[in-house]
**Q** 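Okay, here's the structure, questions in a sec.
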2 protein chains.
Amino acid sequence: MAITLKDVAREAGVNVSTASRALNNSFGIHVDTRKRVLEVAERLKYRTNQVARGLVTGQSHSIGLVISDIRNPFFAEVARGAEDAAFHAGRDLVLCNSDLNAEKQMRYLDWLLAKRIDGIVINSVAPLSPAQQDQLWSAGVPIVLLNLSLAHRRSPLWRFSAAIADNLAGGEIAGNYLIDLGHAHVLHVTGPRTHGNFADRTIGFLNAFQRRGLPRPRVVYGEHTFGAAYQVAMQHLEADRNMTAIFAGNDVIAFGCMRAMMEKGVRIPEDVSIVGFDNLEMSQISSPPLTTIDQPKYETGKAAVEMLLSMMAKDGPHEPEHRIIGVRLIERESCRRIAGTAVQDRRSAKHLARDGSSHSLSAANKSVRDKPRKHSVKE
Amino acid sequence: MAITLKDVAREAGVNVSTASRALNNSFGIHVDTRKRVLEVAERLKYRTNQVARGLVTGQSHSIGLVISDIRNPFFAEVARGAEDAAFHAGRDLVLCNSDLNAEKQMRYLDWLLAKRIDGIVINSVAPLSPAQQDQLWSAGVPIVLLNLSLAHRRSPLWRFSAAIADNLAGGEIAGNYLIDLGHAHVLHVTGPRTHGNFADRTIGFLNAFQRRGLPRPRVVYGEHTFGAAYQVAMQHLEADRNMTAIFAGNDVIAFGCMRAMMEKGVRIPEDVSIVGFDNLEMSQISSPPLTTIDQPKYETGKAAVEMLLSMMAKDGPHEPEHRIIGVRLIERESCRRIAGTAVQDRRSAKHLARDGSSHSLSAANKSVRDKPRKHSVKE
DNA sequence: ATGAAAGCGCTAACAA
DNA sequence: TTGTTAGCGCTTTCAT
């Protein structure tokens, strides 16, 4: 049905191997022959069968992306970065939504391995049992994680490579920012304890208070969803009248809290300040626009795939690589200074780096006034 | 390196074909033999090489999803629906972000065809030249579009199958809703003229006014982005003081307008009402929550893949199928009734169907009071 | 520089 | 029920 290499070869009056060389190799073939083959291929609209090629080369030229849910705008950004990098390298991206469900995740992984996928970028293998993790590890496929705690380096997950934001630093930046604004009674609403990225944000945040000799803020763990955060906030807004600020584990949690505050008639930032984490696109259109920690999501996806590609390049076992991606504070309008607080020049505060580049992959952190993004949502 | 079928066969003391049958077919094989083969396969951790299988069966067991940009929350929902349906049918989803760029789109399509993809769901082939469209059409791969004008049935695009929301009805519902609330001076801010889905919304919207004998609202075409909509709104908020409502071509456009209104000190809905289209998740957390036309995005993606599957089932040329997916109005808090307007029971208005089911694939339209969604964003 | 031939791992006739 | 055989379409030695 479709045109095969044999057809092209016959039409061009050469052997299939010659035709193959003409189409692929640049040397070992006469320039005229190659030209002729190319012409015939063009005329016949020949298209290499990548499946057949894959069978012999052992490469599928595709990369798997296993995430919780693409509807999470965080992952959508990551996915775009990953896909761009993959496309650039002549590979395609297979999208898998695991819902962080261990069984489903294993089914995806099995399937990807059966397809002889070249590499896998995966949100988290934490839901898998140690045995499953071992199995995955020993499959011999390059793997890069998107979720890993920097604070728990003894974890068996550390044998995997990872591309992650500097959550530890981000949490600390948020903490210092609120402290500098004069907030002492801060509530930290975050996701599950076991989630590496969230855990690090919390640790960094608490460190900031500890280092300044301030009392430990109250931390509430829960589901990292809009609804769950809404519930938590509703509850604590009643109970804790002294609270002047909230640090949310991510922007979605922040939105849930904001919704609760709106309903309770609590004004932002007049009554309570709030800081998020992620810098989702919608954080600039919430009201008020949300002050948050930006993590380069697109860059993370891109970096993960690039790491995969370099792992694929050199075979044999490789040292795990952990790429820590810098975060920065984006000041918008959801925080205010508490009256009677000594004003201090934030530019000189030591937790703010003076790095200038915008999306470097270093762990440099900086505070920037929000400027409009070039990218915007299209349909 | 990896375990092959041959290894399993040898170990089980049978021929590869027998092993193959044991693993695949359910009949024509002795129950003991099959059990033995299965055991050996299990013990050796054998995993079928789908590439090799694909070469002989001619099926890649993957489906291509070519959309503008996964970061658009609309497409993220569609993608999730598509992926779920594909996974359910034992296929995987290859994600391609085309940015609606013709050249890029063709490169993706070529690549997918080279991978002998089983079928393609594509946002729009409109950017392609007629020659490119023909080429794609004659490739013989099942294709389902996500963008097609119901109002232009003579278009060559109509030979393709499509899964689309009832944009025509949606536009009309929005129009009638605003008319019923007493709005006569309405601005319609929408996307590019050539975009089938937007075009239909506009046509439906204008129809509503025409049928009621009302003057034609002003329509502004532009980019369907937050930024572009913001600009348009800034401009028209100054120029057109009589305007009492805006109908936005989609929610993102609505958000852009709302941002402009906020900056101009125009209150929503006290001064100006606004209706969106899409019912993105964030439309419930904007302030005020946005009244909008809901289109079942997840269902659309799911339907598109299911159509693909049924096309794949029967070979030979198939009649194009156009699945029109019902829309409905979600009333939230961004619209108000204009004083002095005759109050009329909206439930009895003829543009509101009395259908009860929630996400039917029929073209039934209905109005519902927003109830909290179960799904929420997770990271 | 080109051709002949082997084979990637699997399925699917066709025999037995 | 099982084995034999012939490919699927391509790359890649090894000869020539």
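Naming: A, B, ... by sequence-line order, numbering from 1 per chain. Basis for what follows: all heavy atoms, side chains included, without hydrogens, waters or symmetry-related copies.
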**Q** Does B/Val14 reach a base, just sugar-phosphate, or nothing at all? Heavy atoms under 4.0 Å.
**A**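 Here B/Val14 touches the backbone only, sparing every base.
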
**Q** Hey, does A/Phe27 reach any base, or is it just sugar-phosphate, or nothing, if we go heavy atoms under 4.0 Å?
**A** nothing

**Q** In whole angstroms, how far is the C1' atom of C/dT2 from the CG atom of A/Leu23?
**A**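 Distance, rounded to whole Å: 16 Å.
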
**Q** Atom CG of B/Leu55 to atom P of D/dT11: distance rounded to whole Å?
**A** 12 Å

**Q** Taking the nucleotide of DNA chain D with the nearest heavy atom to each, does B/Val56 or B/Val16 sit closer to the 5' end?
**A** B/Val16

**Q** If you only use heavy atoms from C-beta on, which nucleotide in C/dA4, D/dT4, C/dA12 is closest to the side chain of B/Asn15?
**A** D/dT4

**Q** When only distance counts, do a donor and an acceptor, one from the side chain of A/Arg116 and one from the base of C/dG9, lie under 3.5 Å apart?
**A** no

**Q** When you measure only distances, ignoring hydrogens and angles, does the side chain of A/Ser17 come within 3.5 Å of the base of C/dA5 through a donor and an acceptor?
**A** no

**Q** Would you say A/Gln59 and A/Arg116 are linked by a side-chain donor-acceptor pair, where the criterion is simply a distance under 3.5 Å?
**A**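 There is no such pair (donor and acceptor under 3.5 Å, judged by atom type) between the side chains of A/Arg116 and A/Gln59.
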
**Q** Any base atoms under 4.0 Å from B/Ile29, or only sugar-phosphate, or nothing? Heavy atoms, all strands.
**A** sugar-phosphate

**Q** What is the distance from CG of B/Asp7 to P of C/dG9, rounded to the nearest Å?
**A** 9 Å

**Q** Could you tell me the separation between the CZ atom of A/Arg36 and the C1' atom of C/dA1, rounded to a whole number of Å?
**A** 12 Å

**Q** Kindly point out which of D/dC10, D/dT11, C/dG9 is positioned nearest to the side chain of B/Thr4?
**A** C/dG9

**Q** At less than 4.0 Å, is any side-chain N or O atom of A/Thr18 found next to OP1 or OP2 of C/dA1? Yes or no.
**A** no

**Q** D/dT11 C1' sits how many Å from A/His61 NE2, rounded?
**A** 12 Å

**Q** Rounded to the Å, how far apart are A/Arg53 CZ and D/dG9 P?
**A**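 Computing the A/Arg53:CZ to D/dG9:P distance gives 15 Å.
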
**Q** Give me the ring orientation class for A/Trp158 and A/His322: parallel if the planes are under 30° apart, tilted from 30 to 60°, perpendicular past 60°.
**A**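 Rings of A/Trp158 and A/His322: tilted, 30 to 60°.
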
**Q** I need the CG-P distance between B/Asn49 and C/dC8, as an integer number of Å.
**A**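 The answer, rounded to whole Å, is 12 Å.
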
**Q** Which listed nucleotide (D/dG9, D/dT2, C/dT11) is nearest to the side chain of B/Leu5?
**A** C/dT11

**Q** Does A/Asn24 put a side-chain nitrogen or oxygen below 4.0 Å from OP1 or OP2 of D/dT11?
**A** yes

**Q** Side chain of A/Ser98, backbone of A/Ile67: donor and acceptor closer than 3.5 Å?
**A** yes

**Q** B/Arg21 CZ to C/dA12 C1': how many Å, rounded?
**A** 9 Å

**Q** With respect to A/Lys115, which candidate in B/Asn49, B/Asp92, B/Thr48 satisfies the side-chain hydrogen bond (donor to acceptor under 3.5 Å, both in side chains) definition?
**A** B/Asp92

**Q** Going through the distances and angles, do B/Asn123 and B/Ser68 end up as a side chain to side chain donor-acceptor pair (under 3.5 Å)?
**A** CA-CA 7 Å; B/Asn123 174 27; B/Ser68 335; 2.8 Å; yes

